[in-house]
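See below for the structure under consideration.
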2 protein chains.
Amino acid sequence: MGILERKEREREDMRRLILNAARELFLEQGYEKTSIRNIADVIEYSPATIYLYYKDKNELFFALHEEAFLKLMEELSSLQTIQDSFARLIEMGHRYIKFAVENPELYDLMFIMKAPIEALACRDEVWEDGLKSFGLLKWAIQECVTAGYFKNTDIEVSAITIWSYMHGLVSIYLKNRMSMFQDNQQLQRMQQSFVLFTKMIKETL
Amino acid sequence: MGILERKEREREDMRRLILNAARELFLEQGYEKTSIRNIADVIEYSPATIYLYYKDKNELFFALHEEAFLKLMEELSSLQTIQDSFARLIEMGHRYIKFAVENPELYDLMFIMKAPIEALACRDEVWEDGLKSFGLLKWAIQECVTAGYFKNTDIEVSAITIWSYMHGLVSIYLKNRMSMFQDNQQLQRMQQSFVLFTKMIKETL
DNA sequence: CAAATTTACTGAACAGTGTTTAGTAAACAA
DNA sequence: TTGTTTACTAAACACTGTTCAGTAAATTTG
């Protein structure tokens, strides 16, 4: 009975095909200007076909959101090689900013847009990707505590605080709310602020 | 020649009428589910009429965004009465969080959605509301420096850092990315984080 | 192998969206 | 009173996400 397996394979292939087209369009022209019909055009299938593989647009963008988390985790993976735990946390911050600036649409999908979270909600599942990356941050902080860099023991609260700062910084930038600075100064200001924040956590966490 | 003045008044009235309807619908059913046709229905005019008073949807939501800033500034106005400059800055933070939690749609409009900023961009004006409220934050920080609470003299960088943290905290919450905590714990965690952050800036800024 | 059934897909429709335009009726100016 | 401007709208355009009846091919059954 290899037929069922082949059909399952073909189904996965089709899901990939759709996802690849969706990603392409999404990344090159943004979420708002990407329609199911556009995606259907690219893969040369009818729009209705997409609904045989993804329940709705939210599910489709949830799948992309998962991919995005995979990419972020990949970019943070080589972090374990850094010995000093504080340096590691700082490098984690650098890469988080880099990821957000280089992949604004993916960042939006991961941490701002409703669509993926709505997809989760109506299947009432937990936000595993979020949990996992938040876990990584907590781990990095725990290591700093163990190494004696941080005294504060409530790692969860420390993690929220650090993540809030990081998310705020990049999303103010991504959503064009840094227009009080010249365009060419914005990234510089972010760097300056990041340096200040690292000093803050080093001295008081 | 009182006719021209009356017409101008009528024009303003109509803009108000549209804006009130838009605000009502927007606040009770969200941005995504509010259409020009819905607004037209409420005020009992044709959809096309709205376009005689607002260039497009972006302009309409820019007007609401301005209102929202007025409301935030109002909520922060009675702050000047607080004598101690550090206590004042902290209270400012409290009220910022309160505003965001109580007016999630307005907060979205002010700091996350593209629409209002796009309206600005295509008229190439500066983001005055943003500048003004950022100015208020800088003022509050300057007062803390003057009073000897803060040593750090780069107020602009301090302001970005504090605002980033505040914005991150509330927008993670508003965009439902705090699901790693039970629903009833989320606001508590935010408070705990805020307390930690106040300690951080008190000790190192 | 032929017939019956399942699977994969699509055209067309539904109910909406933002926006534009041609045309109309009322208000105003001459 | 005539001519012109103003305020408004019906209808259309080009879209959107989503559903569903119908079709043709693939697969299973007799």
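Here is how names work: the chains are called A, B, and so on, in the same order as the sequence lines, proteins then strands, and each is numbered from 1.
- No donor-acceptor pair under 3.5 Å is formed between the side chain of B:Tyr173 and the backbone N or O of B:Ile97.
- Atom CD in A:Gln29 sits about 14 Å away from atom C1' in D:dT16, given to the nearest Å.
- What separates CD of A:Glu59 from P of D:dG17 is a distance of 16 Å, to the nearest Å.
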For nucleotides 11-13 of chain C, print each protein N/O atom paired with a nucleotide N/O atom at under 3.5 Å, atom names and distance only.
unit_1: C:dA13; atom_1: N6; unit_2: A:Arg37; atom_2: NH2; d: 3.3

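- Rounding to whole angstrom units, CG of residue A:Leu60 and C1' of D:dT16 are separated by 15 Å.
- Going from atom CD1 of B:Ile50 over to atom C1' of C:dT20 covers 15 Å, rounded to whole Å.
- Distances shorter than 4.0 Å separate none of the side-chain N or O atoms of B:Thr49 from OP1 or OP2 on D:dC8.
- Atom-to-atom, CG of A:Asn58 to C1' of D:dG17 comes out at 11 Å; the value is rounded to the nearest Å.
- One can place CG of B:Asn38 at 13 Å from C1' of C:dA15, the figure rounded to the nearest angstrom.
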Enumerate donor-acceptor pairs with a distance under 3.5 Å from any side-chain N or O in residues 39-50 of chain A to protein atoms, sequence neighbours excluded.
unit_1: A:Ser46; atom_1: OG; unit_2: A:Ala48; atom_2: N; d: 3.1
unit_1: A:Thr49; atom_1: OG1; unit_2: A:Ser46; atom_2: O; d: 3.4

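- Along DNA chain D, the nucleotide closest to B:Leu52 and the one closest to A:Lys33 are compared, and the more 5′ of them pairs with B:Leu52.
- Counting to the nearest Å, the C1' atom of C:dG18 and the OH atom of B:Tyr54 are 17 Å from each other.
- Taking for each of B:Tyr45 and A:Lys57 the nucleotide of DNA chain D with the nearest heavy atom, the 5'-most of the two is the partner of B:Tyr45.
- With rounding to the nearest 0.5 Å, the separation of CG in B:Asn103 from NZ in B:Lys98 is 9.0 Å.
- Using cut-offs of 30° and 60° on the angle between ring planes, the pair A:Phe150 and A:Phe86 is perpendicular.
- Using cut-offs of 30° and 60° for the angle between ring planes, the A:His167 and A:Tyr107 rings count as parallel.
- Cation-pi contact between B:Arg189 and B:Phe181: present, with separation from the ring centre below 6.0 Å and deviation from the ring axis of at most 45°.
- Within the nucleic acid shown, A:Tyr53 comes within 4.0 Å of sugar-phosphate atoms alone, with no base atom in reach, counting heavy atoms only.
- In this structure, B:Asp41 atom CG and D:dA10 atom P are separated by 11 Å, rounded to whole Å.
- The phosphate of C:dG18 (OP1 or OP2) has no side-chain N or O of B:Tyr51 nearer than 4.0 angstrom.
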Inset, instruction - Report the C-alpha separation of A:Arg16 and A:Glu12 in whole Å, then their side-chain angles, then the decisive distance to 0.1 Å, and conclude whether the salt bridge (charged side-chain N to carboxylate O under 4.0 Å, His left out) test is met. - result: CA-CA 6 Å; A:Arg16 280 244 88 82; A:Glu12 273 318 304; 5.5 Å; no
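- Between A:Glu10 and B:Ile36, the one whose closest nucleotide on DNA chain C sits nearer the 5' end is A:Glu10.
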